[in-house]
Amino acid sequence: MADEKIKTGDLEGELLTEERVQLKRPDMYRIVLLNDDYTPREFVVWVLVKVFYKSMEEATRIMLEAHTKGKSTVGVYTYDVAKTKVMQVEKLAEQYEHPLKCIMEVEEGGEVE
Ligand code: TYC
């Protein structure tokens, strides 16, 4: 299914070239929330609800995982969505003067089967 057959150069029925193109899923970006010693827990939960549309329960779970393990996955998004959300977190953190950080990690899109 991934192998798209492309026929090119059909010249008077004599020349027929076949080319196979391997399709690749788009790269996706994992947003990872990083722990720090200063950002209040309630602020982290509030950001996760506002920016990532998490429920209070899920936001609390993610915040606690970052708090205890050092980091936690918030979600996996397309590049533009991930970039926008990271910038929104940066802006809110700066506005409220907290050192809260999240990072983007690329998840390479594999070949389509
Ligand atoms: N460790 C912070 C505190 O004790 C809370 C916190 C949790 C900060 C998760 C960042 O990603 C984070 N106030």
Side-chain angles (χ1 to χ4, degrees):
M1 195 177 112
D3 269 349
E4 291 284 290
K5 202 185 275 187
I6 298 174
K7 286 178 180 167
T8 52
D10 193 352
L11 188 69
E12 290 174 9
E14 286 175 7
L15 179 67
L16 189 67
T17 313
E18 219 175 71
E19 201 178 299
R20 281 180 182 275
V21 178
Q22 176 61 55
L23 300 180
K24 199 174 160 259
R25 292 180 208 283
D27 290 343
M28 296 292 279
Y29 293 80
R30 177 181 300 269
I31 296 187
V32 180
L33 176 72
L34 303 180
N35 186 36
D36 66 72
D37 291 339
Y38 305 103
T39 306
R41 294 179 182 207
E42 314 79 67
F43 181 81
V44 180
V45 171
W46 178 71
V47 166
L48 292 170
V49 171
K50 287 289 160 203
V51 175
F52 297 94
Y53 305 109
K54 301 292 181 183
S55 65
M56 279 297 288
E57 289 83 357
E58 180 67 354
T60 304
R61 185 195 67 74
I62 295 167
M63 180 278 292
L64 283 174
E65 184 170 90
H67 177 71
T68 55
K69 297 185 179 170
K71 60 182 182 174
S72 179
T73 293
V74 182
V76 179
Y77 307 91
T78 58
Y79 180 84
D80 285 355
V81 172
K83 188 84 183 165
T84 302
K85 288 188 186 301
V86 167
M87 284 167 59
Q88 287 170 335
V89 172
E90 279 172 0
K91 200 171 168 192
L92 287 171
E94 190 181 330
Q95 198 177 331
Y96 288 85
E97 300 184 318
H98 297 310
L100 185 64
K101 275 232 159 303
C102 57
I103 56 171
M104 281 167 68
E105 289 178 352
V106 66
E107 308 248 299
E108 296 231 351
E111 290 178 354
V112 177
E113 298 286 311

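Ligands are counted one by one from 1 in listed order, and the atoms in each one are counted from 1 as well.
In terms of polar-atom proximity, M63 is not counted as a contact of ligand 1, lacking any N or O under 3.5 Å from an N or O of the ligand. The shortest N/O to N/O separation between H67 and ligand 1 falls below 3.5 Å.
Protein heavy atom nearest atom 3 (C) of ligand 1, with residue, atom name and distance: T39 O, 3.6 Å. Protein heavy atom closest to atom 2 (C) of ligand 1, with residue, atom name and distance, is D36 O, 3.2 Å. The protein heavy-atom contact nearest to atom 11 (O) of ligand 1 is L34 O, 2.8 Å.
With a heavy-atom cut-off of 4.0 Å, L100 touches ligand 1 through its side chain alone. If you look at N35 next to ligand 1, the close heavy atoms, those under 4.0 Å, come from the backbone and the side chain alike.
Under a cut-off of 6.0 angstrom, the local environment of NZ in K24 is crowded, with over 12 non-hydrogen atoms contributed by other residues, nucleotides or ligands.
Applying the 4.0 Å criterion to heavy atoms of A66 picks out, from ligand 1, the atoms 9 (C), 11 (O). If you number the atoms of ligand 1 from 1 as listed, the ones under 4.0 Å from a heavy atom of L33 come out as 11 (O).
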Apply salt bridge (Lys or Arg N to Asp or Glu O under 4.0 Å) to the pair E94 and K91, showing each step before the final yes or no. CA-CA 5 Å; E94 190 181 330; K91 200 171 168 192; over 6 Å; no
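Using a 30° and 60° split on the angle between ring planes, H98 and Y96 fall in the parallel class, below 30°.
Under the 3.5 Å distance criterion, the side-chain polar atoms of D27 are matched with a main-chain donor or acceptor of G109.
For the side-chain hydrogen bond (donor to acceptor under 3.5 Å, both in side chains) with S72, the qualifying choice from E65, H67, R61 is E65, the only one to do so. Only one option out of L92, L34, L33, N35 pairs with L100 in a side-chain contact (heavy atoms from CB on, under 4.5 Å); it is L33.
A heavy-atom distance below 4.5 Å is not found between the side chains of E105 and Y29.
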